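To keep things clear, I will list the structure first and then write my remarks on it.
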Amino acid sequence: STANALVGMSPDVWGAVSVDIETGTFSRFLSTLDLPGGGEAFIADWRGEVVALPSTTGETGAELFATPEDGQRDGQQRPAILTALLEANPGVLQSTRQGTVLRDVIVGDRSYIVQLLGFEDAGMPWSIVVAVPEDAVFGWIFWLGDVIVAVCVAAGVLAAIVLLLFWNRAIERPMAVIAGRLNHIAEGPDETGTTKAEPVAGPQEMRRIDEAVIAAGRMIGERETVRAMLIGRLSELVEAMEQAPVGIAIVEPDRRLTFANRSARVILAVPEQGEAWLDTAALGMTESKFSARAELVRNGRTVRSEAMLSAADGEAVEYGVVLAPLGEGEAARLVVVLEDLSAAKELEADLVEARQAAERSHRAKSLFLAQMSHEFRTPLNAIAGFSELLRGTAGISPEKMEQYLGHIHESAEVLLTMIERILEYARYESGVVGVAPRPTDMARVLETATAAVRPAAEAAGVTVELSVLGPLEPVAADPA
């Protein structure tokens, strides 16, 4: 806030005017932020009290800003996200003046990534808190793993159904006809000279058998064509999985790897040929942790986590690790999907930088407007005061009139300079305020400043005088 002393028409009347920034401005600004996954931002002081919440929120905001029963302090309600942060670290708001990113902050049944940034540079003991759902940043990675697993399962089931249908139609039915008719021929008459079944009706019956054999051969050919087509499709699917940008592996209950694409073989350090077993350390997990997560997967759940793993060049890279079920029960296998999160982390850093740039722009705008409201008041008071003296003083001498008009002119020039600075507001948006130093007569600057306040002072019965001891050399300064 900015405070300026004012005086009235008499010595007994005086006061002060201040310009304050209301927290409603922050609330409206927070509502304009477009964060991934419906994320929200709010401002809290270092004691853990809310300063400003968004004026409007979505479903994610309703969950973040809900007030749990244990979120009360000194009769005030705390939102759930603030309660979760302070329970984990009571001094987290004051210790993050330079900006900190927190992960795995649980609110309700969702995990959030939280960015904290202090307002210390603006002179306020506040921190802005930005919360984004973790699945909004990494959700596409988890979705890709689920899609790959679903495609593999669906392709296998479809192939089995098609093969069973063609087997029944192409093999079993024609062969049953052939076997039945050949049995008629093989059995022949019994000891009494009678047949146990209808005899084969000579050439006609043999013709039907021949037609059945030809039909069976044709159906077998069709079956082979479909089989080759299915094998080709499965080969394409396997090749696509092999070339996928994520690591994909299938793990048996005994930890044996039955499939691992190129990326998975590099990350898990397994050979391309021969049997291989999964080393849980390659996933950044201990044996007990992997066993616990494998048990959850066998119960039908998909488990996601992050770990620092070795990339192809040997450097440690943060990966997303997804464990998904393939089958049911104790015999269920595990599908392991490994995704490089470097690009996602860079995107997250870009989002944080964009938010910080928006905050710097908003802070510069607020400081600029506060300064302008103060700077406009001084020349306007001078113009109004000298104009009032010219109107209300009878018989004013030409010298005094010329002096007053000179002061009015100088104040108008100051106003013009201020307006030119407003037109250069884009430079404030970038955080750089330029100056134009030039040789300046300091005695004239002091005379202008004194003349600007003299009318109001004389109206209040106060005498303002300026005494300059000796000549003042010009100095390099910006008079504006």
Side-chain angles (χ1 to χ4, degrees), residues 1-22 25 123 363-429 432-480:
S1 63
T2 304
N4 300 279
L6 298 179
V7 294
M9 300 301 293
S10 67
D12 297 331
V13 180
W14 62 278
V17 173
S18 65
V19 179
D20 297 320
I21 301 175
E22 60 174 359
T25 302
R363 185 163 57 249
K365 183 192 302 181
S366 299
L367 294 175
F368 173 77
L369 293 176
Q371 181 183 1
M372 289 302 99
S373 64
H374 172 71
E375 295 294 336
F376 275 129
R377 190 176 293 112
T378 300
L380 285 174
N381 284 340
I383 293 174
F386 286 113
S387 299
E388 187 67 25
L389 287 175
L390 289 174
R391 293 179 56 190
T393 304
I396 187 170
S397 64
E399 293 80 7
K400 280 289 185 181
M401 181 178 296
E402 183 178 356
Q403 181 183 1
Y404 291 166
L405 289 175
H407 293 322
I408 292 174
H409 178 71
E410 291 173 356
S411 298
E413 287 183 343
V414 173
L415 280 176
L416 181 60
T417 302
M418 297 301 296
I419 293 173
E420 290 176 352
R421 292 177 66 183
I422 292 176
L423 295 179
E424 297 177 357
Y425 178 71
R427 301 175 66 185
Y428 286 89
E429 289 287 339
V432 179
V433 182
V435 295
R438 58 180 181 271
T440 303
D441 186 356
M442 292 304 300
R444 184 173 179 80
V445 172
L446 294 173
E447 291 174 359
T448 301
T450 305
V453 300
R454 182 174 286 118
E458 291 179 354
V462 177
T463 301
V464 178
E465 294 182 354
L466 173 64
S467 297
V468 179
L469 301 179
L472 299 178
E473 295 294 332
V475 297
D478 187 349

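A quick note: this is a predicted structure, and the numbers were derived from the prediction, not measured.
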If you take all heavy atoms of Pro437 and Ala476, which pair is closest and at what distance? CB-C, 4.4 Å

Closest approach of Leu389 to Pro455 (non-hydrogen atoms, all atoms of both residues): CD1-CB, 4.2 Å

Starting from the C-alpha separation in whole Å, work towards a yes-or-no answer on side chain to side chain contact (heavy atoms under 4.5 Å, CB included) for Ile408 and Leu390. CA-CA 11 Å; Ile408 292 174; Leu390 289 174; 3.9 Å; yes

So, using side-chain contact (heavy atoms from CB on, under 4.5 Å) as the criterion, who are the partners of Glu413 when residues are at least two apart? His409

Name all residues meeting the side-chain contact (heavy atoms from CB on, under 4.5 Å) criterion together with Thr463; count only those two or more places apart in sequence or in a different chain, and write none if there are none. Glu465

Main-chain N/O of Leu466 paired with Thr450 side-chain donor or acceptor, under 3.5 Å: no

Taking side chain as C-beta onward, heavy atoms only, is Leu415 less than 4.5 Å from Ile383? yes

How would you list all residue pairs meeting salt bridge (Lys or Arg N to Asp or Glu O under 4.0 Å) that involve residues 444-464, not counting sequence neighbours? Glu410-Arg444

Out of Leu469, Val475, Val468, which residue meets the side chain to side chain contact (heavy atoms under 4.5 Å, CB included) rule with Leu472? Val468

Straight-line distance of Leu405 CG to Ser387 OG, nearest 0.5 Å: 8.5 Å

